[in-house]
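Any value given below was found using the heavy atoms of this structure, including those in side chains, with hydrogens, waters and symmetry copies removed. As the structure is a prediction and not an experimental result, all values here were calculated from the model.
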Amino acid sequence: MDLPVDEWKSYLFQKWSLLPKSIQITISTAETLSDIFLHSSLLLQSEDEMFLKRLSRGYLVGKDPKASLFYREEGNKKFQEKDYVGATVLYSKGVSHSRPNTEDIALCYANRSAALFHLGQYETCLKDIIRAQTHGYPERLQPKMMLRKAECLVTLGRLQEASQTINDLEINLTAQPTLAASQFQIQQRTLSRLKMKVQEKETLTETFPAALTKAFEDMDLREENEQISSASSSVSLCTHPLKGRYLIATKDILPGELLVKEDAFVSVLNPGEMPPLHHGLESKWDTRVTNGDLYCHRCLKHTLAMVPCDGCSYAKYCSQDCMQQAWDLYHSIECSLGGLLLTLGVFCHVALRSTLLARFENIDKVVKKLRDEISNKDICLPESKTLGQTFRDDLGGECEENGKRVETPIPGCDINGKYRNNYNAVFNLLPHIGNHSPEHKFLCALSVSALCRQLEAASLQTLTTGLKSSQPKAAMAPALCQELHTWGVAMLKHMLQLQCNAQAITTIQQTGSKENVITNSRQVCLATGIFPVVSLLNHSCSPNTSVSFISTVATIRASEQIGKGQEILHCYGPHKSRMGVAERQQKLRSQYFFDCNCTACQNEKHRPAAGPRWEAFCCSRCRALLQGEDVLSCDSASCTEAVSRGHLASQLQDLQQQVAMAQKLLRNGKLERAIQLLLGCQHDAESFLSAEHSVVGAIEDALAQAYAALGDWQKSATHLQRSLQVVEVRHGPSSVEMGHELFKLAQIFFNGFAIPEALNTIQKAEKVLLVHYGAWNDEIQELQKMKSYLLDLPPIPAGPSV
């Protein structure tokens, strides 16, 4: 959902196709963002806005008390089924649809506190109890919730507070003469039990370590760079007429060294799979869980206990503080535009939020930059300049002024030559106006125009309130139409920048059933952000760095040894372990507008046209690799086997369908049937796929999961070790993928009580994962717990192992 929804895209592309040729040429040949925006916005008609409004209404972002009741009742059903996580999410949806200071929101918070209590999240449970009371939880229901509060306080070792709560409950209990005898006795017994617990507790037990704080401490840069904020002193910023800005190593760098730790200048949560546009009550309230239900919309912290915006049902936060910060920075303006922003897509939302955040820097300089842009400065290519001169002016370097050599600043740097994580750096990211298709520029310009019209309707004067400026507010607020045009051009620039400069903020999510012994995981995109310092890194299909995220902070570590003077390289997506050189080149050209000439691409171009080993077919007779284009022949001189590529591709497709069926059986707990089908797939694969083919690896991995679920650790380990061989061939022995697989193997050995094998694998997994993530990573923490447990075991007699 980076770009607008398909209905709006199709509508505008059709509108473009029907425009007179002369208007298409005018927009296509416009050299400035201002001209593109002006010519396009003049074409936005009232019927276009009405169509967009109809699409926007499909997203239910307002408060609806009926929805609150619906979600609370659905949550109660999950609670009765003992699905406390599912119940918590549904109660959170109910909270989001409730108005503040109503019984609806108080009941949802109280019910959610009960689910959190069963999940062992006692601190969060207490916060929800306070929220329920703040919003007017009914007096008649208070005793039950106060008992829960006392249970939490006792469990957490907060004995003084627990005693006070118990005393208050006893007073309330004696003051209720109408209470039924049975209920009175139950509450009396519960209070007596709690009092005994308080007496038994002698010391305070800390059950919730500050993991996030420790994580950030581990991520601190050893010595920050004087030239580049958020970067270590091990790197330096350089420029080149063709490569643009880039980073190099100022010293020899070891694997795992932290090079960049940067908080996003701006980020917008990826809403995930949003509900379809509803046309009836049946599909009105969706119970599916999306990213927006699990992650804070400001800091991206994972939480089950969301605090909603008071004005809409979409925006949710991990705390009251996050909610207030978001409101002060941008959500006070975005709140009424929720449905429109979901329709226009994440890129348009990031563009708006970037301009809103710009208000909190020196607004005079920001507006001047925008007006310079509108006045065609830094956009048109003057006829008197050569291309090389223009590159030097754009990238900084030396130029002549009054006969003297003067050093010009690198774009994005301040007057002191420092590159900071601020709006100036964001503003100087390239929008690549000449590379985008005319249709794409028209789509972006009209989307931004429609957004500006809505901002105007909601009074754009809020854009110029509370800004830092040396001038009076009245002096810095130009006419409304000029203000709209200025900020519209800025948003268009940001929307065009994002195709090449947006960074997907990712996290590792566990997949499969919570009963699974082996942890399966996948990388998911949580949000889209702009990281000015990360954007300085050039691409390589075989990078020497690894990027990871905690909250909205990106960390870049060296994934291998980097020599002094060597460029720091990042992968934009197309990686040599995921696709061949032709596919990589095509993707990079279409999205990033350059031809990749990295070492991996050069090596593959000069290599024979053999595919990667993880896609290779083998001879059914002698098992040697097959080579060729349309007809593949055996690599062995003594074998004359030949087979068409089409036939092999058909065989592979059939096999993949069988593997998918087996994986579905595995997910549904039908283990024996899954194993039977997978063993058949394994036999079929041996007849035409290389031992290192990715499908062979998938079969072995699935068999490992199935046998682990049955408790057959020996067979599980055997199959996972075969899967590891495929991962190592494809991704390399030090890759993050290898680290995750070694973690799974360590779990199998641990559960199978194979102590030497487990300790050896834990050591290998730690070594790999530390390079990519640092010590804060969840898997590393789990590995250390396993190692500690195994090392603390008393010596046991030798016996059979896995």
Practice task
Examine the side chains of D263 and T552 and answer whether a donor and an acceptor come within less than 3.5 Å of each other.
Solution key: yes
Practice task
Determine whether more than 12 heavy atoms belonging to other residues, nucleotides or ligands lie under 6.0 Å from atom CD of E47.
Solution key: yes
Practice task
With the side chain counted from C-beta on, respond yes when L455 and L337 share a heavy-atom pair under 4.5 Å apart, and no when they do not.
Solution key: yes
Exercise for the section: For residues 303-326, pull every pair meeting salt bridge (charged side-chain N to carboxylate O under 4.0 Å, His left out), keeping only residues two or more places apart or in separate chains. Expected result: D293-K316
Problem - Ion pair check, K66 and D64, cut-off under 4.0 Å - result: no
Exercise for the section: Taking atom types as modelled, find out whether D701 and Q705 have a side-chain donor-acceptor pair closer than 3.5 angstrom. Expected result: yes
Handout entry: Donor-acceptor contact below 3.5 Å, side chain H297 vs main chain G292
Key = yes
Handout entry: Side-chain donor-acceptor contact under 3.5 Å, S447 with W8
Key = yes
Practice task
Taking the side chain as every heavy atom from C-beta outward, state whether M579 and H575 have any pair of such atoms under 4.5 Å apart.
Solution key: no
Practice task
For a side-chain hydrogen bond (donor to acceptor under 3.5 Å, both in side chains) with H772, tell me which candidate from S548, S735, S546 qualifies.
Solution key: S546
Practice task
Ignoring hydrogens and angles, state whether a donor on the side chain of E103 or H135 is under 3.5 Å from an acceptor on the partner side chain.
Solution key: no
Practice task
Ignoring hydrogens and angles, state whether a donor on the side chain of S354 or H494 is under 3.5 Å from an acceptor on the partner side chain.
Solution key: no
Exercise for the section: Answer with yes or no whether the side chains of S313 and S96 bring together a donor and an acceptor at under 3.5 Å. Expected result: no
Exercise for the section: Flag this pair as yes if the NZ/CZ of R353 is under 6.0 angstrom from the six-membered ring centre of Y330 and inside a 45 degree cone about the axis; otherwise no. Expected result: yes
Practice task
Indicate the ring-plane relationship of Y572 and H570, choosing parallel, tilted or perpendicular according to the 30° and 60° boundaries.
Solution key: perpendicular
Practice task
Consider only side-chain N and O atoms of D328 and Q324, and report whether a donor and an acceptor are under 3.5 Å apart.
Solution key: yes
I'd like a table of donor-acceptor pairs (distance under 3.5 Å, sequence neighbours excluded) in which one partner is a side-chain atom from residues 107-118, with atom names and distances.
from	atom 1	to	atom 2	distance (Å)
N111	ND2	N76	OD1	3.2
R112	NE	D128	OD2	2.6
R112	NH1	S92	OG	2.8
R112	NH1	M306	O	2.9
R112	NH2	D128	OD1	2.9
R112	NH2	D128	OD2	3.4
R112	NH2	M306	O	3.0
S113	OG	A110	O	2.5
S113	OG	R148	NH1	2.8

